[in-house]
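A, B, ... follow the sequence lines: proteins, then strands. Residue 1 opens every chain.
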Amino acid sequence: MSEHRFEDAEPLRIAVIGGGGFVGARIMAAIRNDPRYHAVAVLRSYRGIARLGRVSERRSHVSIVAESSATALAEQLRGCDSAINVSSGSSTDIRSDTRIILDACRIAGVKRLLHTSSAAVFGRRAASTIEENRPASPDSWMLYGRGKAEGEQEIADEMAKEVISIVVLRPGLIWGPGAVWSKLVGEQLANGRAALPIGGRGIANLVYVENLVRVMLRVAENQTFKPGFYNISDPEVISWERYYTALAVALGYPISAVALYEQTGFHISNGALLEWVQQRGGLLKLIRALPTPLLGRIKTMARWMTQDVPRPPIGSEASVRNQLRLSRQIRDLQLAERRPPCDRVYRELGAIQLTTFDEAIRRTAAWLRFAGFGAAGPRVGAVCPARTGQCVANPNE
Amino acid sequence: MWAPYAPQELGNAWPTQTSDVDLPSSMTKPVRTVVIGCGAVFENAHRDVLFSLQKRGLLVVIGLVEPNVERLRRAGGAFPAACCCAKATDLYSQISDVELTLIASPPPLHMEQALTAFEFGSHVFSEKPIADSVSSAEAMIGAANEARLALGVGMPRRFYPCYAAARSIMTKGEIGSGVRFVYREGGVYRWPVATIAPFFRKTSGGGVLLDKGIHALDVLYSIFGGGSVEGCVDDGVEHGVESNAFLKLRLARATGDVLLSWDSDLNSGLWAVGSSGELWMPIGPLNVLWMRRAHCKDWERIPMTSTWPTGVEINCEEKAPTSYLECFTYQLIQMLRAVRLGEAPGLCGSDAVVALQWISKAYSQSMPMTKPWLSDDENQLCLLSHWRTGAPCAENE
């Protein structure tokens with residue numbers, strides 16, 4: 001295997017399995033007009049194209065593989081030099097989905113597979129006890145973490161065959177414009193519910209989405225990159241308090257909008273009950289097998305039990321609603337004293353340009369304002385047509 | 001002789017009183033109904049509603065039209081007595097006395113199918129959007145008027161109690177003058193489409209502005225009255241469709257901004273502020289509306305009072321729907337009342353076309369959207385390849 005040389009005539013053909021997802025769409029956006037790449041977004045269903053919105057790009061196309069079979073997937077991977085798996089599905093199917101992807105890569109002759117696992121595989125394990133370059137054992141209390149660890153077991157079995165060069169990345173919490181872990185903060189700030197345990201001193205295992213994408217592309221194109229398991233986080237170590245307050249300030253909220261508590265316990269609530277059900281793979285399968293009308297009623301009831309009646313955004317008023325209400329998952333994340341080791345990937349890559357935390361905050365806040373989570377309330381601010389730079393002025397400003 | 005439909009009774013969707021009239025016995029018979037288009041919207045919404053209304057004896061499904069063999073087979077399974085055909089003209093030649101045609105096919109087919117239905121003396125209920133162009137919609141309206149038949153359009157949100165309450169507040173001027181609003185509606189696209197057609201401008205006519213915009217703009221029309229589009233930016237490129245759109249509107253009772261997204265979860269809701277108060281209505285719940293008077297710190301939740309008929313009898317019981325799917329039932333019942341009692345459909349064609357006119361105007365003047373959370377390179381790329389103002393590209397690239 002060799003490092004791809006871009007001065008060669010042929011572009012690098014990359015298949016992005018799960019190309020319509022949040023990270024997949026950012027990968028496609030990064031390479032869609034880069035003449036060094038030819039990209040294939042492989043999706044389970046047509047609806048994933050909405051996030052791509054770039055169907056007719058010259059150097060990329062979209063393939064739909066609806067059936068879960070290695071043969072069907074292999075047809076779309078044929079001719080690809082590398083495959084990046086960023087697909088997400090049910091936590092109970094991760095192991096079998098991973099197996100299908102591995103078999104498909106082998107059948108199609110893909111030389112390099114970059115598989116996305118997750119730092120969730122480690123659960124609440126102390127960072128010092130984590131052996132990075134080994135598959136995690138599936139003992140996390142979280143169904144998602146267990147599923148991802150089982151996927152890693154399949155990967156390890158395949159690595160032993162030495163047919164495909166496989167790199168496994170375990171990102172921490174992916175954040176940035178459009179990310180769940182940033183929207184969560186925006187929502188909490190807008191609703192006056194931003195609150196952190198242990199004074200916010202817990203370490204946030206964050207990886208900015210564009211940084212993750214850059215690392216993924218470098219790994220995919222460099223086939224001399226050593227196969228193995230790698231954790232990945234942003235280079236800067238950030239506490240939860242710094243993450244929350246940086247976004248709060250960037251969005252125009254006072255720092256007091258983030259309430260800091262010294263407590264550590266999590267809140268027993270209807271949300272916790274739902275979380276308990278969600279971690280029971282067998283129970284979930286039973287529920288999903290129910291007739292559609294009954295399943296719909298159960299989902300409606302679950303939403304009714306776990307969601308507050310939507311309230312107006314608080315704007316920049318001082319919040320009086322902050323209470324510490326944590327699910328078990330959030331509590332585990334926000335109590336972490338340190339993050340898993342994550343330097344190996346950067347040592348292997350060498351020099352790579354990454355977005356700094358401050359710049360990432362600026363961009364994330366720009367998106368959160370667009371999405372309506374800024375302290376100005378729902379006001380939009382100017383949205384400018386690109387060509388003229390002439391702003392479609394907001395009469396509210 | 002009872003005139004089944006009187007065009008001069010066209011109005012809007014708000015709850016109406018029906019005067020006492022002796023009904024001929026024909027009025028109590030089930031409405032003979034044909035369905036054209038048995039795809040996703042039929043399977044996910046209309047089928048169960050039609051089944052339950054048929055069970056109640058309010059209608060009988062006598063024909064199904066669908067070119068896809070497998071979908072037609074599934075639909076026929078729910079209505080085994082219905083005549084199944086691949087083309088509407090074949091169906092009308094085989095069955096008689098069709099009273100209502102429910103059109104749930106792709107929008108480019110609505111005009112032809114509606115005109116055919118009118119020729120055979122059938123009232124028409126068309127899924128939204130009413131058609132793929134303003135001229136097609138106007139042709140449908142003209143044909144309905146000429147045939148003295150009802151043309152209703154599916155817009156379930158017209159049966160949301162909170163929207164009725166918001167309209168009442170605005171009509172009465174309860175938040176004062178000089179009203180400004182911001183409307184956001186955005187979420188990752190999840191509709192189970194079966195083809196790639198929605199994501200090419202040539203086959204779909206547009207992206208999020210057409211998909212979510214048709215609902216959003218109809219809501220704003222119903223609450224704030226008629227008006228015009230003053231500006232539009234979107235992120236559509238080349239032959240694909242836009243995933244994000246921003247419009248500025250000037251309406252009879254307010255001016256404001258609309259943001260729509262297919263690829264991000266926005267803080268979806270309508271916020272309106274006037275000289276003596278403000279409103280906040282989240283998008284999604286049917287019965288949540290908040291109001292705050294000027295100089296008050298606290299928001300008050302507005303009680304919902306609107307109801308709609310639950311049957312086709314005069315003076316039947318009235319209730320309010322409690323879910324989005326229930327709105328499909330109420331809107332179809334209202335259409336049956338249009339057929340039997342001459343009442344106005346929930347949304348008549350001449351009102352439904354307004355949102356389409358605004359969308360058409362928006363597309364005709366749309367400019368590229370700048371997204372400050374993206375890199376300059378990515379924004380520049382969108383500028384250069386915008387579907388309306390960018391450099392033209394070859395059809396098959």
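S323(B) does not touch chain A: none of its heavy atoms, backbone or side chain, sits under 4.5 Å away. For V188(B), the part lying near chain A is the side chain, with the backbone staying farther off; criterion is any non-hydrogen pair under 4.5 Å. Residue contact with chain A, scored on non-hydrogen atoms closer than 4.5 Å, involves the side chain of N244(B) exclusively. Looking at R26(A), the atoms closer than 4.5 Å to chain B (heavy atoms on both sides) all sit in the side chain, from C-beta outward. Heavy atoms closer than 4.5 Å to chain A are found nowhere in L279(B), neither backbone nor side chain. Interface remark: P372(B) contributes backbone and side-chain atoms alike to the contact with chain A (heavy atom separation under 4.5 Å).
When all heavy atoms are compared, the tightest approach of S182(A) to Y243(A) is OG-OH, 3.1 Å.
Across R180(B), R293(B), R292(B), a single residue satisfies salt bridge (charged side-chain N to carboxylate O under 4.0 Å, His left out) together with E278(B), and that is R292(B).
The residue among Y189(B), W373(B), W262(B) with the most heavy atom pairs within less than 4.5 Å of chain A is W373(B). The greatest number of non-hydrogen atom pairs below 4.5 Å with chain A, out of L374(B), D377(B), D234(B), is found for L374(B).
Taking the six-membered ring for Trp and the full ring otherwise, F181(B) and W280(B) have centroids separated by 6.0 Å or more. Annotation: F199(B) is not in aromatic contact with Y46(A) [ring centroid separation under 6.0 Å not met].
Looking at Y183(B) and E185(B), their side chains do bring a donor and an acceptor atom within 3.5 Å of each other.
Judged by a 6.0 Å distance limit and a 45° cone about the ring axis, R47(A) is not positioned over the six-membered ring of W191(B).
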